[in-house]
Student: 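Supplied in structure tokens, the structure appears directly below.
Keep in mind that the numbers below use all heavy atoms, side chains included, and drop hydrogens, waters and symmetry copies. Order of the sequence lines fixes the chain letters, A, B, ..., with proteins taken first and strands second; residue numbering starts at 1 for each chain. Everything quoted here is computed from the prediction, not taken from an experiment.
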Amino acid sequence: MLRTHEAGTLRPEHVGTTVTLTGWVARRRDHGGVAFIDLRDATGIVQVVARDEVLTGTAHDLRSEYCVRVIGEVTAREDKDVNPDLPTGAVDVGATQIEVLSAAEALPFQIDERVTVGEEARLRHRYLDLRRPGANAVGQNLRLRSKVNAAARNLLAERDFVEIETPTLTRSTPEGARDFLVPARLQPGSWYALPQSPQLFKQLLMVAGMERYYQIARCYRDEDFRADRQPEFTQLDVEMSFVEQDDVIELGESIAKAVWATIGVELPTPFPRMTYADAMARYGTDKPDLRFDLELVECTDYFAETPFRVFQAEYVGAVVMPGGTGQPRRQFDAWQEWAKQRGARGLAYVTVAEDGTLGGPVAKNLSEAERDGLAAHVGAAPGDCVFFAAGATRASRGLLGAARLEIAQRVGLIDESAWSFLWVVDAPLFEPASDAVASGDVAVGGGAWTAVHHAFTSPQEEFLDSLESDPGSALAYAYDLVCNGNEIGGGSIRIHRRDIQERVFAVMGLSEQEAQEKFGFLLEAFKFGAPPHGGIAFGWDRIVALLAGTESIRDVIAFPKSGGGFDPLTEAPAPITPQQRKEAGVDAKPEPTAPAPQGADEVNPRQS
RNA sequence: GGCCCUGUAGCUCAGUUGGUUAGAGCGCCCGGUUGUCAGCCGGGAGGUCGCCGGUUCGAGUCCGGUCAGGGUCGCCA
């Protein structure tokens with residue numbers, strides 16, 4: 001070792017010890033005859049006192065972020081010189097020798113944690129960003145992430161789970177997003193896909209009798225990137241055989257418990273459960289934030305006889321903004337803009353004055369009876385205002401659900417220190433493909449119905465008889481884990497019976513032949529004694545971000561990409577040479593007459 | 001793909017109604033300083049105002065386009 005001690009660990013008990021330290025020059029205060037050097041390593045900072053005679057040779061002009069090795073004796077500081085802000089503040093290291101291990105040019109930004117630096121600069125020189133000290137620094141987030149990984153691995157190892165790696169060069173998996181593609185040099189014209197998740201492989205591992213599998217798996221999806229999305233991201237992926245929904249949920253709770261324990265939070269289990277239908281009706285979303293109580297109020301029946309045209313709709317709902325009546329007019333206008341940004345026509349509102357009379361543009365359109373009972377029906381107090389959405393059920397609830405969050409933020413209803421966990425269960429198995437098409441999605445099959453989760457999700461037993469006659473009512477053994485309004489995990493019990501799988505494909509309009517083309521290898525495997533199985537996958541980046549107390553998953557990824565999938569550090573993606581292009585077979589023309597290799601003519605309509 | 005915001009020194013930002021030589025703090029460079037701890041003092045360097053075009057006697061400032069970044073909706077489990 002090049003050192004005997006670590007800088008941040010020195011204490012008065014070390015006084016008199018001769019130590020050798022290594023680290024970086026965090027700061028230098030030169031007084032002519034004596035200089036004070038803050039020496040930083042991963043454990044913290046200690047002050048090195050260097051007299052003139054030590055600062056010779058290259059050590060003479062020590063500058064910021066020089067990497068150095070210091071030999072010296074730990075000395076106690078006089079009382080007046082103690083720095084209470086530093087864990088090592090009661091001691092100095094009196095240097096007898098300073099060796100420059102590596103010089104540093106002037107840095108593109110300061111390492112000092114108190115200096116704010118834009119994200120682009122930090123990403124371009126991520127290695128310097130990671131060097132920055134401080135509890136909220138990215139480097140600390142990575143250390144936390146490592147502990148979180150270990151906590152999960154420990155728990156899963158205790159329960160005899162097997163950590164298994166699956167291929168990253170593979171076929172497309174049926175997750176529904178666009179695949180990243182890799183040309184196959186040895187088969188020009190054929191391409192690998194990077195996995196969107198290890199879904200099919202982990203099911204194969206169940207057929208293989210591994211019984212309990214997990215993996216901290218990198219996943220790839222070629223979609224437009226958002227604040228919270230990276231083209232490559234990480235899941236804790238788990239699959240188990242011979243289990244029912246409750247078993248997977250119990251495991252999920254144990255994992256959450258173990259993981260949150262790394263930040264000293266003890267989660268009470270079991271977590272509450274809510275049905276998907278309930279979540280949509282009461283919160284307008286499948287991932288409700290329950291850190292505050294506010295709920296949507298169903299008003300369709302209340303306005304059944306309404307004279308107000310806008311409220312003569314399939315669905316009318318409301319959400320109350322406590323104290324909202326006091327908002328200035330332009331704020332109400334801003335709410336309209338906010339709603340329009342979300343694709344709504346607007347956001348109707350009614351104010352409730354202190355004397356109980358209703359105001360706002362909508363009030364006069366309502367019948368007298370409707371006005372009289374409205375505040376009581378929606379639970380609005382004097383001074384509150386009520387926002388309404390009317391129209392298609394799903395879209396209206398979505399708007400109100402978003403308004404609910406916006407209200408909570410503006411009014412300050414959210415307890416930022418709270419951890420609210422819940423399971424959302426009983427998700428529908430299918431959604432109408434028209435919904436999917438309307439929302440820009442493309443059905444996996446050509447039928448009227450498409451899978452909500454994925455095509456291998458098991459229907460609950462009581463809906464087996466009505467799968468074909470009433471697909472829209474069928475519920476699945478599918479469950480999402482929600483934390484503070486974030487979906488941090490989700491999974492399902494899978495179909496292991498061939499007959500049910502075929503019926504589900506049929507409802508989705510997927511022919512035998514198409515199914516064979518897409519998932520033939522899985523269906524083949526299922527012929528040979530597939531065990532009942534199910535699993536769950538956790539959004540690892542988001543979970544670590546929650547634990548680290550940061551908004552952005554970029555802050556918990558060592559080398560994240562910025563918008564457009566660009567890596568400011570390596571400047572990937574980059575052009576390739578003509579030679580690479582030739583070898584990769586990118587430009588290979590498919591033989592029109594040759595029989596298409598398995599799956600080769602699958603063109604995802606979304607790609608065109 | 002739609003909408004909104006931003007782009008000025010290495011970093012973080014200011015820049016008035018369109019008007020002389022574009023500023024500040026930090027950092028950097030040089031010199032000084034024997035008890036500092038975001039040291040202090042003196043001096044200095046550093047700018048294609050993202051890019052292209054337009055309006056104007058005159059553009060960092062106004063207009064059009066474009067690129068990049070951020071946010072948001074669409075998309076995405």
Student: P atom, B:G71 versus B:G54: distance in rounded Å?
Tutor: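 Going atom to atom, P in each nucleotide, I get 35 Å.
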
Student: Could you measure between the two C1' atoms, the one in B:C3 and the one in B:G74, and give it in whole Å?
Tutor: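 Here B:C3 and B:G74 have their C1' atoms 11 Å from each other.
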
Student: For a quick check of understanding: with a heavy-atom distance under 4.0 Å over all strands, which category does A:Ser64 fall into, base, sugar-phosphate or nothing?
Tutor: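 Sugar-phosphate only.
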
Student: Could you check whether A:Asp92 gets within reach of a base, just the sugar-phosphate, or nothing at all, counting any heavy atom under 4.0 Å?
Tutor: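 A:Asp92: base contact, heavy atoms under 4.0 Å.
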
Student: Considering only the P atoms, how many Å lie between B:C26 and B:G42, rounded to the nearest integer?
Tutor: 12 Å

Student: Pick the C1' atom in B:U61 and in B:U56, then give their distance to the nearest Å.
Tutor: 13 Å

Student: So which one's nearest nucleotide on RNA chain B is more toward 5', A:Asp480 or A:Gly118?
Tutor: A:Gly118

Student: Report the C-alpha distance between A:Gln235 and A:Ser197 in whole Å, list the side-chain angles of each, state the deciding distance to 0.1 Å, and finish with yes or no for side chain to side chain donor-acceptor pair (under 3.5 Å).
Tutor: CA-CA 8 Å; A:Gln235 288 184 344; A:Ser197 79; 4.8 Å; no

Student: Quick check for you: among B:G69, B:G74, B:A77, whose closest atom lies nearest to any side-chain atom of A:Arg229?
Tutor: B:G74

Student: In terms of side-chain heavy atoms of A:Arg554, which of B:G71, B:C11, B:A77 is nearest?
Tutor: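 Looking only at side-chain atoms, A:Arg554 lies closest to B:G71.
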
Student: A:Tyr479 and A:Phe271: aromatic ring centres closer than 6.0 Å?
Tutor: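 So the answer is no for these two rings.
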
Student: Nearest whole Å is fine: how far is B:C28 P from A:Leu107 CG?
Tutor: 9 Å

Student: Is A:Phe36 stacked on the base of B:U36, with ring centres under 5.5 Å apart and planes under 30° apart?
Tutor: yes

Student: Report yes or no: does A:Arg77 contribute a side-chain atom to a donor-acceptor pair with the main-chain N or O of A:Gly89 at less than 3.5 Å?
Tutor: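 Yes, because the side chain of A:Arg77 sits within donor-acceptor range (under 3.5 Å) of the backbone of A:Gly89.
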
Student: Taking donor-acceptor contacts at under 3.5 Å, does the side chain of A:Arg221 reach the base of B:C76?
Tutor: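 In this structure, the two groups form no donor-acceptor pair.
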
Student: Where does RNA chain B form stems of at least three consecutive Watson-Crick or G-U wobble pairs, each pair having both distances below 3.5 Å?
Tutor: B:1-7 with B:67-73, B:10-13 with B:23-26, B:28-33 with B:39-44, B:50-54 with B:62-66

Student: How far does the P atom of B:A45 sit from the matching atom of B:G50, given to the nearest Å?
Tutor: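 These two P atoms come out 24 Å apart once rounded.
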
Student: If you only use heavy atoms from C-beta on, which nucleotide in B:G70, B:A77, B:C28 is closest to the side chain of A:Glu119?
Tutor: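 Among B:G70, B:A77, B:C28, the one nearest the side chain of A:Glu119 is B:G70.
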
Student: Got A:Val248 and A:Ser492 here, is their nearest side-chain heavy-atom distance under 4.5 Å?
Tutor: no

Student: Could you tell me how the ring of A:Trp338 sits relative to the ring of A:Trp335: parallel (under 30°), tilted (30 to 60°) or perpendicular (over 60°)?
Tutor: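 Perpendicular.
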
Student: Would you mind telling me which of B:C11, B:A77, B:C29 lies closest to the side-chain atoms of A:Arg63?
Tutor: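 Among B:C11, B:A77, B:C29, the one nearest the side chain of A:Arg63 is B:C29.
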
Student: For A:Gly539, report the nucleic acid contact type (base, sugar-phosphate, nothing); a contact means any heavy atom under 4.0 Å.
Tutor: nothing

Student: Extract from the structure each pairing of a protein N or O with an N or O of nucleotides 37-41 of chain B at less than 3.5 Å, listing the distance.
Tutor:
{"unit_1": "B:C37", "atom_1": "O4'", "unit_2": "A:Arg29", "atom_2": "NE", "d": "3.1"}
{"unit_1": "B:C37", "atom_1": "O2", "unit_2": "A:Gln47", "atom_2": "OE1", "d": "3.4"}
{"unit_1": "B:C37", "atom_1": "O2", "unit_2": "A:Asn83", "atom_2": "ND2", "d": "3.3"}
{"unit_1": "B:C37", "atom_1": "N3", "unit_2": "A:Arg77", "atom_2": "NH1", "d": "2.7"}
{"unit_1": "B:C37", "atom_1": "N4", "unit_2": "A:Arg77", "atom_2": "NH1", "d": "3.4"}
{"unit_1": "B:C37", "atom_1": "N4", "unit_2": "A:Asp81", "atom_2": "O", "d": "2.4"}
{"unit_1": "B:A38", "atom_1": "O4'", "unit_2": "A:Arg114", "atom_2": "NH2", "d": "3.1"}
{"unit_1": "B:A38", "atom_1": "O3'", "unit_2": "A:Arg27", "atom_2": "NH1", "d": "3.3"}
{"unit_1": "B:G39", "atom_1": "OP1", "unit_2": "A:Arg27", "atom_2": "NH1", "d": "2.9"}
{"unit_1": "B:G39", "atom_1": "OP2", "unit_2": "A:Arg27", "atom_2": "NE", "d": "3.4"}
{"unit_1": "B:G39", "atom_1": "OP2", "unit_2": "A:Arg29", "atom_2": "NH1", "d": "3.1"}
{"unit_1": "B:G39", "atom_1": "O6", "unit_2": "A:Asp30", "atom_2": "O", "d": "2.3"}
{"unit_1": "B:G39", "atom_1": "N1", "unit_2": "A:His31", "atom_2": "ND1", "d": "3.4"}

